[in-house]
Amino acid sequence: MIRQDIAVFAETPQQLRLYIWSSPKITRLSAEIFSSVAKQILTVDLQDIVNLDIFPELFGLTNLIRFNVWNSPKLDSLDLELLPPSLYRIALNKVGVTHLENDFTDIPSLPNMHEFVLRNVTIKGWQLNFLSVFPNLTRLEISNSTFDFAEWDHSKLMANVKTINRLKLSQNTVEAATVADSTAFFGALIDSLEVQPGADVDVSMNRLNITAQAVRNMLEGFASAKQLNIRENVITAPASAIGVMLRGFSQLEELDMGDTNLQAIQGMFGGLPKLRRLILDHNQLVNMTTVDIFEGVQFTNLTYLDLSYNDINRFSPSDSYARIVAPQISYLNLRGNKLKDFLPSVEEDQTVINSFINLDTLILADNGIVTFSGRRLSNSSKLRVLDLSCNAIRNLTKEAFLGLNRRLEELDLSMCIAPPLTAPWIDWDAFTTLPGALKRLYLRSGRYKKWIFGVIKQSGMALRMLQELYLDDNDISFLLKTTIPELPMLRVLSLSRNALQSIGPLVFQSLPNLVTLLLNDNQIVAIGRNSFISMKAMRLDLSGNNLLQIEPGAFDRVPLLQSLMIGRNPAEVQDMFIAGGKNLNYLGIQGYNKSCLTREFFKSLPALHWILPDEYNIVLVNPDGMKWSDEDVYLESQLQVCQIGSVEPDHEPYPKIPSLKNYVSVTIHDTDDGEGEQQYPVIAAFLPLNYCPVADYVVKLSNVICSSSTKMST
């Protein structure tokens, strides 16, 4: 079948990206299968070839660039001699290969191999000079895998690799029965690697002990790195060793040591002159109040500092912190500490706070703060984003916001209140002193009910520039025509997860420029033809309500509507557009099970490109402006694609939608074999790389889109 399918391209100059998906009868892929188009194939992706038990013969594909295998558990050998010298990248995910070795008899090297990726495998053996077959290796990744070495010879050294500029050894585990030898292998692997200047190094989330020896290994191999991530490993090395290691990373610009059991050490970050981004969340830095972690610093490029969840209750009054570090910081995250008395009257504390003259973003969420005074931040004249969410504030008055930068653009006052706690009190005139430039206001989880709109109405001119308002989780049960105050610049209103039961006509008439309205997860029962009359909204989310009835043509009076999320509702959707829907691009019908959508339904929506039957987290796309009805009379094309990676793309972004860089792109072809030999592309799909749909996906999807198809051809 595969040989016949791809042979139709033999007489064309077309370059091919070959996907072979979910074919349980395939046990091997020999060279003659590809021979007719060998020079045309650029990529080969094997997904869910669960019975493949012999490594494919790809040596004849002289222009092959990428080879990926996902979920072939019976594939237990990696035969590198079967790969062509042209190969740039190989990625193996969920395969049965446990021993990484090669006799190098027939292939002394793969000179163009730059990327070698292993994910979700169990490694039990590793030839000491295995990586020598890739003399120009620039990216090495082993992630989400298990090391299970029953025996590792500590006296032997691995072949050194000095060409890597991107290293990821992340989220791995060691088998409990072989902890000592498996850990020794991991250490030996790190010891054999010396990255290039400017490299990105990620050895995070392995939950391994960072001993004094591990510190020495990292210093020797990673000292020239530009980015280093060691989060979620446990530092057991003495403080002196950590200090020495950090001072050795003189080229480091980004450092993540979050959740490493790190304790404050005098001067530990004093020798990193190029450091721009420092993440230290979830550690034991409570004593940094008295220990100057920046001692010795003469100047710094540090602009991003994350100190969240460290039990900090005061700032350090040290001279280096206040005089050199604080004035450079533009992003400061103090979430989850114990700054109950933040901005107190203690003079030395106020001196440090006044030093943050270039703050752009300040996060003080979840600190137990009871009272807040903007005057204490009056020296932060560049502050644009302030997060005060999830604190213990019980009373807000207009005095709270006096002194804040008048150019503040975003303020989060979400209270994170859950029953039986009652709503905090907000004075009717509390918002009159909010900065006039405010664009985004978050008032989530306050149990305010609809009286919060009254406070907003009393704000006068203070909120005239507001563009986004988030009132989710506030027990708001009904809205009248007069409830929502006039907000002429508002573009986004979120009322998700409230208790709304109906939407009357002209409820949103005071919001003339509203573009996005989020009403998901309420208790709305019916939508009438006048519910959204005269609205200019382009995005509307009604998913997860209790919609039993959608009046025919209910959305015709929202002429600019481009995105409609209507899923997780029991209502029929076939006739929700009669004369409207001409601009609809996105349609969410998650969990829809009333009746399959017919060709006539799609013909009435000429701009529709996306359908989201989100039960399977899949997005169907109609690319390049092609219309469904033009391509397949019977709508009989279906799709199933599984993951080929974790979070990073293995392909170029879709040209017209560059934001989809983290998605797999696949062109679907007509699966109806009864209409001649030529296959026409119908739609393309973009799936998150960490996603795999259920086995009976094709059958289930046919319940959403009318189809007689039961399979997808390869």
Please lay out, stage by stage, how R335 and D387 fare under the test salt bridge (Lys or Arg N to Asp or Glu O under 4.0 Å). CA-CA 9 Å; R335 182 188 298 272; D387 186 348; 3.1 Å; yes

Donor-acceptor under 3.5 Å ([X] side chain, [Y] main chain):
X    : Y    : answer
N513 : L490 : no
N310 : V286 : no
S510 : I484 : yes
N522 : L500 : yes
N283 : L262 : yes
D281 : S308 : no
N546 : V525 : no
D541 : L518 : no
Q266 : V291 : no
N391 : L364 : yes

What salt bridge (Lys or Arg N to Asp or Glu O under 4.0 Å) pairs are there with at least one residue in residues 500-522, not counting sequence neighbours? D521-R568

How about K536: does its NZ atom have over 12 heavy atoms from other parts shown lying under 6.0 Å from it?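 No, not enclosed.
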
Within a 6.0 Å radius of atom CZ on R497, are there more than 12 heavy atoms belonging to other residues, nucleotides or ligands?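 Counting neighbours around CZ of R497, more than 12 heavy atoms of other residues, nucleotides or ligands fall under 6.0 Å, so yes.
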
Student check: side-chain heavy atoms of [X] and [Y] closer than 4.5 Å:
X    : Y    : value
I210 : I230 : yes
N405 : P435 : no
N498 : L519 : no
I329 : L302 : yes
Y304 : E254 : no
T260 : V234 : no
L441 : L466 : yes
D366 : N337 : no

Verify side-chain hydrogen bond (donor to acceptor under 3.5 Å, both in side chains) between S330 and N358, making sure each step is shown before the conclusion. CA-CA 5 Å; S330 62; N358 284 302; over 6 Å; no

Less than 4.0 Å between a side-chain N and a carboxylate O, is that true for R447 and D475?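 Looking at D475 and R447, the cut-off is met.
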
Say you draw a straight line from [atom1] of [X] to [atom2] of [Y]; how long is it, rounded to the nearest 0.5 Å?
X    : Y    : atom1 : atom2 : answer
L307 : L332 : CG    : CG    : 6.5 Å
H282 : M257 : NE2   : CE    : 16.0 Å
S355 : Q328 : OG    : CD    : 11.5 Å
R231 : L280 : CZ    : CG    : 10.0 Å
L272 : T300 : CG    : OG1   : 8.5 Å
I503 : N530 : CD1   : CG    : 13.5 Å

Which residue in the set E468, R384, R440 passes side chain to side chain contact (heavy atoms under 4.5 Å, CB included) when paired with E410?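 The single option meeting the side chain to side chain contact (heavy atoms under 4.5 Å, CB included) with E410 is R440.
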
Under the criterion side chain to side chain contact (heavy atoms under 4.5 Å, CB included), which of L408, L359, D412, L413 is the partner of L386?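 Considering L408, L359, D412, L413, a side chain to side chain contact (heavy atoms under 4.5 Å, CB included) with L386 is found only for L408.
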
Under the criterion side-chain contact (heavy atoms from CB on, under 4.5 Å), I'd like the reasoning laid out for W425 against I393: C-alpha separation, chi angles, the key distance, then a yes or no. CA-CA 9 Å; W425 178 252; I393 299 171; over 6 Å; no

Please find the pair of heavy atoms, one from [X] and one from [Y], that lie closest to each other, and give the distance.
X    : Y    : result
G454 : W428 : C-CZ3, 3.6 Å
R529 : D556 : NH1-OD2, 4.1 Å
S494 : Y470 : CB-CD2, 3.5 Å
M535 : L514 : CE-CD2, 3.9 Å
F401 : R406 : O-NH2, 3.4 Å
A430 : L396 : CB-O, 3.6 Å

Scan side-chain atoms only and decide if S170 and S204 contain a donor-acceptor pair under the 3.5 Å cut-off. yes

Side-chain donor-acceptor pair under 3.5 Å between S543 and N520, yes or no? no

Run the side-chain contact (heavy atoms from CB on, under 4.5 Å) check on N395 and D427 step by step: do they pass? CA-CA 8 Å; N395 187 12; D427 284 358; 3.9 Å; yes

Decide yes or no on salt bridge (Lys or Arg N to Asp or Glu O under 4.0 Å) for R444 and D472, but give the supporting numbers first. CA-CA 5 Å; R444 291 167 168 158; D472 317 292; 2.5 Å; yes

Evaluate the side-chain contact (heavy atoms from CB on, under 4.5 Å) criterion for residues I426 and I452: first the C-alpha distance (whole Å), next the side-chain angles of each, then the deciding distance (0.1 Å), finally the verdict. CA-CA 8 Å; I426 301 179; I452 191 63; 3.9 Å; yes

Give the intermediate values and the outcome of side-chain hydrogen bond (donor to acceptor under 3.5 Å, both in side chains) for residues R207 and N233. CA-CA 4 Å; R207 307 308 302 175; N233 293 292; over 6 Å; no

On the 0 to 90° scale, with breaks at 30° and 60°, tag the F555-F577 ring pair as parallel, tilted or perpendicular. tilted

Using the ring of each side chain (for Trp, its six-membered ring), is F294 parallel, tilted or perpendicular to F269, with breaks at 30° and 60°?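 Plane angle between 30° and 60°, so tilted.
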
Between L411 and Y442, is a side-chain contact (heavy atoms from CB on, under 4.5 Å) present by the stated rule, with each step listed? CA-CA 6 Å; L411 178 62; Y442 297 84; over 6 Å; no

